[in-house]
Amino acid sequence: ALQNIQSLGANWVIYTPSWTYKRISPVVFTEQPGKDPFWSDTIKAVTEARTRNLNVAIFPQPRFETNYADFWKNAPRDTNWWNDWFEQYRRFIIHFADQATQSGAQAVVLGGDWILPALPNGKLADGSFSGVPADAETRWKNLIAEVRQHFRGNVIFAVPYNSTDFTPPVNILRDADAVYLLWFAKLSAL
């Protein structure tokens with residue numbers, strides 16, 4: 001696959017290692033053997049891409065028992081739960097920032113389409129407010145700063161492009177080196 005990517009003239013590979021949400025409350029979010037790649041698996045994949053002179057970004061992804069919309073809908077989303085969720089996400093992203101450093105990756109990607117309820121003014125899939133804490137922006141900015149303490153490469157923040165009334169978290173995006181726009185819009189009517 002890497003040889004094919006290189007022959008197409010691409011110069012970036014984005015790996016999406018995962019952790020699994022085993023429980024919503026209290027939040028249990030960690031590697032699950034048989035579902036999520038081991039540390040050594042991702043290190044080996046990045047090394048193989050780097051030997052072909054490809055740039056690598058690590059974009060960690062959560063796995064859910066059902067789907068992310070149900071996860072957010074069914075979560076209690078009270079103060080204690082949000083504190084726990086942010087701490088679990090912090091462990092998750094720092095783990096992969098350390099992995100990016102060890103593997104020689106050029107970038108680590110935070111965020112994604114699933115993260116919208118945890119951003120400032122977060123909304124659930126049904127359009128209702130998620131109840132994200134008022135200090136969510138500060139929490140995200142602090143997290144980006146902490147990622148930079150663990151990883152010296154590019155820190156990218158992924159946000160979706162869609163036709164809803166999503167307001168990009170501009171102050172958070174300013175702290176990132178780049179924005180990864182996740183494009184889910186139809187390219188044609190066919």
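- Rounded to the nearest 0.5 Å, atoms CD1 (Ile24) and OG1 (Thr66) are 6.5 Å apart.
- A pairwise comparison of heavy atoms in Ser25 and Pro76 identifies OG-CG, 3.5 Å as the closest pair.
- Every residue two or more places apart in sequence or in another chain that forms a salt bridge (Lys or Arg N to Asp or Glu O under 4.0 Å) with Lys141 is listed here: Asp175.
- Put simply, the side chain of Val132 does not reach to within 4.5 Å of the side chain of Leu119, judged on heavy atoms.
- Counting heavy atoms from C-beta outward, Ser103 and Val56 have side chains that stay 4.5 Å or more apart.
- Screening residues 85-111 for salt bridge (Lys or Arg N to Asp or Glu O under 4.0 Å), with sequence neighbours left out, gives Glu87-Arg90, Arg90-Glu146.
- When hydrophobic residues (I, L, V, M, F, W, Y) are linked wherever their side-chain heavy atoms come within less than 4.5 Å, the members clustered with Trp39 are Ile43.
- Put simply, CG on Asn55 and CD on Gln106 are 4.5 Å apart, with the number rounded to the nearest 0.5 Å.
- Of the inter-residue distances, the one linking Phe157 atom CZ with Ile144 atom CD1 reads 5.5 Å to the nearest 0.5 angstrom.
- Trp140 approaches Ala118 most closely through the heavy-atom pair NE1-O, 2.8 Å.
- The side-chain heavy atoms of Pro60 and Phe92, taken from C-beta on, include a pair separated by under 4.5 Å.
- In summary, the aromatic rings of Phe71 and Tyr68 are positioned with their centroids too far apart to meet the 6.0 Å limit.
- Gln88 places none of its side-chain heavy atoms less than 4.5 Å from the side chain of Trp19.
- Judged purely by atom type and a 3.5 angstrom limit, Trp72 uses its side chain to pair as donor or acceptor with the backbone of Trp114.
- A distance-only check finds a donor-acceptor pair linking the side chain of Ser130 to the backbone of Gly122 [under 3.5 Å].
- Closest heavy-atom contact between Gln3 and Arg52: N-NE, 4.1 Å.
- Listed by chain and residue number, Arg148 satisfy the side chain to side chain donor-acceptor pair (under 3.5 Å) test with Asp177 (two or more places apart in sequence, or in another chain).
- In this structure, the side chains of Gln32 and Arg63 stay at 4.5 Å or more apart for every pair of heavy atoms.
- Annotation for Asn74: atom CG counts as buried by contact number, over 12 foreign heavy atoms lying within 6.0 Å.
- Note: the hydrophobic cluster containing Val179 also contains Leu116 (ILVMFWY, side chain heavy atoms under 4.5 Å, direct or indirect links).
- In terms of the side chain to side chain donor-acceptor pair (under 3.5 Å) criterion, residue partners of Tyr21 (sequence neighbours excluded) are, by chain and number, Trp85.
- In this structure, the side chains of Leu8 and Asn4 stay at 4.5 Å or more apart for every pair of heavy atoms.
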Walk me through whether Tyr89 and Leu110 qualify under side-chain contact (heavy atoms from CB on, under 4.5 Å).
CA-CA 10 Å; Tyr89 185 78; Leu110 287 74; 3.9 Å; yes

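- Side-chain contact check for Asn171 and Arg174: at least one donor-acceptor pair (N or O, by modelled atom type) lies under 3.5 Å.
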Might you work through the side-chain contact (heavy atoms from CB on, under 4.5 Å) test for Asn11 and Gln6, ending with a clear yes or no?
CA-CA 7 Å; Asn11 59 2; Gln6 194 173 31; over 6 Å; no

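- Here the closest heavy-atom approach between residue Val147 and residue Ala97 is recorded as CG1-CB, 4.0 Å.
- Taken from CD1 in Ile156 to CG in Leu173, the straight-line distance is 12.0 Å, to the nearest 0.5 Å.
- Each salt bridge (Lys or Arg N to Asp or Glu O under 4.0 Å) pair with one or both residues in residues 70-86, not counting sequence neighbours, would appear here, but there are none.
- When side chains are defined from C-beta on, Lys22 counts as touching Glu65, because their heavy atoms get closer than 4.5 Å.
- The closest donor-acceptor contact from the side chain of Gln102 to the backbone of Ala100 lies at 3.5 Å or more, if one exists at all.
- Not one N or O on the side chain of Thr16 forms a donor-acceptor pair closer than 3.5 Å with the backbone of Gln61.
- The minimum heavy-atom distance linking Lys123 with Phe129 is given by the pair CE-CE2, 3.6 Å.
- Under the 4.5 Å side-chain heavy-atom criterion for Ile, Leu, Val, Met, Phe, Trp and Tyr, Phe151 and Trp12 are members of distinct hydrophobic clusters.
- Listed here is the closest heavy atom pair of Leu2 and Ala49: CD1-N, 3.6 Å.
- Taken to the nearest 0.5 Å, the CD1 atom of Ile93 stands 10.5 Å off from the CD atom of Gln99.
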